Amino acid sequence: MKPVKKDTAFIATVYNESSSITDFLDSLTGQELLPGQIIIVDGGSKDGTYQMLQDYFSHYQQTEVILMQKPAGISEGRNTAIAAARAPIICVSDAGCILNPNWLKNLTEEAGPDLVVGGYSAAWADSFLERCLAAAVVVLPEQVKEEKFMPSSRNVCFYRSAWEKVGGYPQYMDYGEDMKFNFNLIKAGYHIKFVPQAVVQWKMRASLPSIFRQFFRYAKGDAIGRMYKMRHMIRIISLFLFIAVLVLAFSLSGWILLMLAPLLAFYAWPAWRRIGAVFEGRSVIEKAAASIFMLFLLPYIDLAKLAGYIYGWCSPKQL
């Protein structure tokens, strides 16, 4: 029998996760230190996910398991799960992730009443596109700036009292709710700590349309939550400057396009730096192809963010 941390509850929300739920649950029940409670809210899956949850835990007796099914967004689902928890410490992750065996132990060792602790979300990438996406958006552990670190709710731990103090996850948001939750916690006086050894593997999107939807939704959440305004304004201004250079090039001389070369290199450099690590063991040709493809993927992601932010800013869902 594995040791159980009775003062800790693990919570998650799921929706139509039949293709990945078993790997996620195996990584949860395979923890070296188990939570005292496991509470999972299914948001109304139509692909058999809830039945799979019931079947998986039908003979599980190591810790208490609470399964609920109700039509709910991710914020409402998390709030419902946390409200059902009796333990003072809450650990949160998402379906579509794989938790490293010591994930819960490493997070809870650092937890405190005035702390929010988050671990490192590593890319889980199999295809060429998934690896390119990982290089584009997932910083390496040594690149994380601890003073600016904001944990995703696929990899976070906090006291239930902190959740109560800020009124829980913001239910008016369907994306970006975890970042808004972080900002609310900071505003309430809580500190955030990075725990690099608490690792969750995060599955990368496998198609261009799904990548666009993902970053559109993230940016829409930023706008609705009124977060990262300067970051998005820089993106908008950069787009207009880029268009201006193109207009000048076509109006005056194509040589003006040479002005873009150093700017493009500067723009792509952070992603290019990560290609070696993400494509470790792959061929030189594949790495070179990734470097070239990055010049398409990065603007594609930024276009999704730009569209999502404008859409979210115009959304009727306001604070």
Side-chain angles (χ1 to χ4, degrees), residues 120-145 148 150 152 175-176 201-223 227-312:
Y120 177 66
S121 295
W124 171 12
D126 299 317
S127 70
F128 174 80
L129 177 59
E130 290 168 353
R131 290 190 180 93
C132 287
L133 179 59
V137 302
V138 181
V139 298
L140 301 176
E142 62 271 18
Q143 295 175 331
V144 175
K145 297 179 180 179
K148 296 182 178 180
M150 295 286 272
S152 162
Y175 290 92
Q201 296 179 60
W202 169 37
K203 181 63 175 174
M204 297 287 98
R205 294 293 194 272
S207 70
L208 286 172
S210 64
I211 290 170
F212 191 94
R213 288 192 298 270
Q214 179 183 32
F215 289 97
F216 179 95
R217 290 166 175 169
Y218 286 169
K220 183 185 80 167
D222 286 351
M227 300 180 291
Y228 303 115
K229 294 179 184 178
M230 184 58 66
R231 181 183 301 178
H232 289 283
M233 286 305 299
I234 290 172
R235 183 173 292 113
I236 292 170
I237 293 169
S238 298
L239 174 65
F240 281 108
L241 289 175
F242 178 74
I243 292 172
V245 171
L246 290 180
V247 170
L248 285 173
F250 285 110
S251 301
L252 302 176
S253 170
W255 290 102
I256 294 176
L257 290 176
L258 292 176
M259 295 170 53
L260 294 177
L263 294 177
L264 283 174
F266 177 78
Y267 175 60
W269 178 243
W272 282 345
R273 285 180 60 199
R274 294 190 284 264
I275 285 175
V278 174
F279 282 81
E280 185 177 3
R282 316 299 292 190
S283 70
V284 173
I285 293 175
E286 191 170 356
K287 292 176 183 177
S291 299
I292 295 169
F293 181 67
M294 205 63 68
L295 295 175
F296 162 78
L297 183 61
L298 290 171
Y300 180 78
I301 291 171
D302 276 337
L303 181 62
K305 291 177 179 177
L306 179 63
Y309 193 75
I310 293 171
Y311 180 87

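As the structure is a prediction and not an experimental result, all values here were calculated from the model.
Between Phe293 and Cys132, the closest heavy-atom pair is CD2-SG, 3.7 Å. Nearest heavy-atom pair, Ala123 versus Ala134, reported as atom, atom and distance to 0.1 Å: CB-CB, 3.4 Å. Considering all non-hydrogen atoms of both residues, Leu129 and Leu208 come closest at CD2-N, 3.8 Å. Between Gly221 and Met227, the closest heavy-atom pair is O-CE, 3.7 Å. Nearest heavy-atom pair, Leu295 versus Ala268, reported as atom, atom and distance to 0.1 Å: CD2-CB, 4.0 Å. Of all heavy-atom pairs spanning Val138 and Tyr120, the tightest one is CG1-OH, 3.9 Å.
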Margin query: Using the rule given for side chain to side chain contact (heavy atoms under 4.5 Å, CB included), can you reason through Ile211 versus Met204, listing the C-alpha separation, both sets of side-chain angles and the distance that settles it, and then say yes or no?
Written below: CA-CA 9 Å; Ile211 290 170; Met204 297 287 98; over 6 Å; no
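Here the CG atom belonging to Leu297 is positioned 9.5 Å from the CG atom belonging to Asp302, to the nearest 0.5 angstrom. Ser238 OG to Tyr267 OH: the interatomic distance, rounded to the nearest 0.5 Å, is 8.5 Å. We find the CZ-CG distance between Phe215 and Asp222 to be 11.5 Å, quoted to the nearest 0.5 Å. Here the CG-CZ distance, from Leu133 to Phe128, works out to 12.0 Å after rounding to the nearest 0.5 Å. Summarising the geometry, atom CD1 belonging to Ile310 is positioned 14.5 Å from atom NZ belonging to Lys220; distances are rounded to the nearest 0.5 Å. For the atom pair Arg235 CZ and Tyr228 OH, the distance stands at 12.0 Å (nearest 0.5 Å).
No side-chain donor-acceptor contact under 3.5 Å links Arg205 to the backbone of Glu130. In this structure, the side chain of Arg274 engages the main chain of Ala136 through a donor-acceptor pair within 3.5 Å. Under a 3.5 Å cut-off, the side chain of Tyr309 and the backbone N or O of Ile236 do not form any donor-acceptor pair.
Counted within 6.0 Å of OH on Tyr311, heavy atoms from surrounding residues, nucleotides or ligands total 12 or fewer; the atom is thus considered open. Around CD of Glu280, the count of heavy atoms belonging to other residues, nucleotides or ligands within 6.0 Å does not exceed 12.
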